[in-house]
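Every chain is numbered from 1, with letters handed out A, B, ... down the list of sequences. Scope of the values below: all heavy atoms of this structure, side chains included, with no hydrogens, waters or symmetry mates.
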Protein chains: 2
Amino acid sequence: MNITKNKSIGKEIDLGLNYYQKEDQVLIATDCIIFGFNGQNLKILLIKRNFEPEIGKWSLIGGFLSKDENLDEAAARVLKTLTGLNDIYMEQLYVHSNIDRDPGQRTISVSYYALIDVESHNYEGIQVESAKWFDLKKAPKLIFDHDEMVKKAVLRLRRRALTKPIGFDLLPEKFSMKQLQNLYESILDKKIDKRNFINKINSLDVLNKLNEKDMTSSKKGSYLFQFDRKKYEKKVIEGFNFKI
Amino acid sequence: MNITKNKSIGKEIDLGLNYYQKEDQVLIATDCIIFGFNGQNLKILLIKRNFEPEIGKWSLIGGFLSKDENLDEAAARVLKTLTGLNDIYMEQLYVHSNIDRDPGQRTISVSYYALIDVESHNYEGIQVESAKWFDLKKAPKLIFDHDEMVKKAVLRLRRRALTKPIGFDLLPEKFSMKQLQNLYESILDKKIDKRNFINKINSLDVLNKLNEKDMTSSKKGSYLFQFDRKKYEKKVIEGFNFKI
DNA sequence: CCAAAAGTGTTTCCCATACACCCATGT
DNA sequence: ACATGGGTGTATGGGAAACACTTTTGG
């Protein structure tokens, strides 16, 4: 068998010349799973569609890839459009490509996920009125295959939390140990023993304890912590094993 | 700000009507990183391009997505075209989308990786003369961003080997413990203590020891093993922690 | 008899887990 | 005084890591 007779590879041979070029071109979308945290629960940012198809239903935010950008840039642009923010941590997740996933037309979507602190970006940041934070556990059903995207994102976030530190993007600059534990419990969807959690976090050595207390949560007040950026990023690179 | 004024989302509103549809459509390719194992070293299957651009250089096998299939199907078709085989384990890896990644035209490529046993598919399977197995460590420089794809695939395979059993697809049906250890050492790129490895594998309980020996490797001969499909697949689902 | 690969157990150490009481403060 | 959430340490068990000698047999 000669390679030039093969359809899948043959196309490339005729590059720039034949009908395949036009015929098989498709639209590329990117959809963003935006996770947030408010100190208590893991949240997800959704948008109510005010256009067809599926008008009135909830969906991830998304947009199409333009000729002049790569996917990372497209995802960042879409995120900026909605939240007004640059420099958000984003990671490519998965490509969804089923033929009829979008009933309107053949579209392939690359999902990205982002992590942000809800409080810092609630009113100033979110510029689209139809966008709303939902508790992850109480989120409505989404259009197309967006629920599947979210499911994959949750799994990825969970795995990430078990191998790299999480929180820099999801927590305010100063936070209590309890908030950090709430974050981990939300992501892993399980209760963690308080002492074991603190021991583990301390052994990671990525936090600086401040001489400041958060007095809103209790009468005694709870010490606030900060991530030590250098130590944190070192752990992001080398990773660890968070068995908890 | 109204969402309908937003570029990234606005496009969707005009669905089926405006120039964006044609303008921003692009070609979707899929490239396959095909890992093989011969009992000694981890291999990768490459193809020498006999067409432009980059004629004569080595590349991953790939092809374009058609209108009538999703990406998994496209990757399986491309693989079948080259190796003649169905039912190969494949996994989606990553999307590469830089604007100029393919100098010929704007193309976005979704990489997949596959695992196969080199011996079983060497002569019967590989039907393209210009395809060749390379030792992963001695592979030539590849075209475009294919080296980056391979790098990501190796990392993924490594992570997989640490959390799920590996070998069903990469080893012949019957294999020696030494071969399995060679496989792990190739993937993890480190020496493993023989006794610790055997203890670990035995504790996983996914192998059946046969009453057969491979007499080619030594005078004494080494016992052959088989994967117990059910136990193996159970471990694939539940995962484990292979610290080695 | 010797070279070459196969096969086999034990000890040590670290880390994950389980677990309960006192502290500080505002009301 | 008491209710509420904050903060702290230890004992146990299991799994990873380090480690060396005997067995088999073809040449």
Quiz item: Is there a donor and acceptor pair closer than 3.5 Å between the side chain of B:K220 and the base of C:dA6?
Solution: yes
Practice problem: Find out whether the Lys NZ or Arg CZ of A:K231 is both under 6.0 angstrom from the six-membered ring centre of A:F227 and within 45° of the ring's axis. | Solution: no
Quiz item: With a 6.0 Å cut-off on ring centres, are A:F168 and A:Y89 close enough?
Solution: no
Self-check item: Atom pair distance, as rounded to whole Å: NZ in A:K243 and P in C:dA16
Solution: 7 Å
Quiz prompt | Contact interval (first through last nucleotide) of DNA chain D with protein chain B, 4.0 Å heavy-atom | solution = D:dA16 to D:dG26
Quiz item: Mapping A:G221 and A:D193 onto DNA chain C by nearest heavy atom, which one lands closer to the 5' end?
Solution: A:D193
Practice problem: Could you tell me whether A:K235 sits above the aromatic face of A:F240, with NZ or CZ closer than 6.0 angstrom to the six-membered ring centre and within 45 degrees of the axis? | Solution: no
Quiz item: Base, sugar-phosphate, or nothing: which does A:S176 touch, judged by heavy atoms less than 4.0 Å apart?
Solution: nothing
Quiz item: Across the strands shown, which category fits B:K209 at heavy-atom distances under 4.0 angstrom: base, sugar-phosphate, nothing?
Solution: sugar-phosphate
Exercise. Taking atom types as modelled, find out whether B:S176 and B:D214 have a side-chain donor-acceptor pair closer than 3.5 angstrom.
Key: no
Practice problem: Among the candidates C:dG26, C:dA6, C:dT8, find the nucleotide nearest to the side-chain atoms of B:I198. | Solution: C:dT8
Exercise. Choose from C:dC19, C:dA6, C:dT25 the nucleotide whose nearest atom is closest to any side-chain atom of A:N196.
Key: C:dC19
Quiz item: Say you draw a straight line from CD1 of A:I192 to OH of A:Y184; how long is it, rounded to the nearest 0.5 Å?
Solution: 8.5 Å
Quiz item: Which part of the nucleic acid, if any, lies within contact of A:N241, taking any heavy atom under 4.0 Å across all strands shown: a base, the sugar-phosphate backbone alone, or nothing?
Solution: sugar-phosphate
Self-check item: Considering all heavy atoms, the nearest B:T163-B:R159 contact
Solution: OG1-O, 3.1 Å
Quiz prompt | Between C:dC19 (C1') and A:F197 (CZ): distance, integer Å | solution = 18 Å
Quiz item: With a 3.5 Å cut-off and just heavy-atom distances, do the side chain of B:K194 and the base of C:dG7 make a donor-acceptor pair?
Solution: yes
Quiz item: To the nearest Å, how far apart are A:M215 CE and C:dG26 C1'?
Solution: 9 Å
Quiz prompt | Distance in angstrom units between B:K219 NZ and C:dA6 P, rounded | solution = 12 Å
Quiz item: C:dA16 C1' sits how many Å from A:I192 CD1, rounded?
Solution: 13 Å
Quiz item: Relative to B:F225, does B:K209 satisfy both conditions: NZ or CZ under 6.0 angstrom from the six-membered ring centre, and within 45 degrees of the ring's axis?
Solution: no
Quiz item: How long is the line joining CD of B:Q181 and P of C:dT8, in whole Å?
Solution: 14 Å
Practice problem: Could you state the atom-to-atom distance from CZ of B:R195 to C1' of C:dT12 in whole Å? | Solution: 14 Å
Self-check item: Value in whole Å for how far the C1' atom of C:dA16 lies from CZ of A:F242
Solution: 11 Å
Practice problem: Look at the side-chain N and O atoms of A:K200 and state whether any lies under 4.0 Å from the OP1 or OP2 oxygen of C:dA16. | Solution: yes
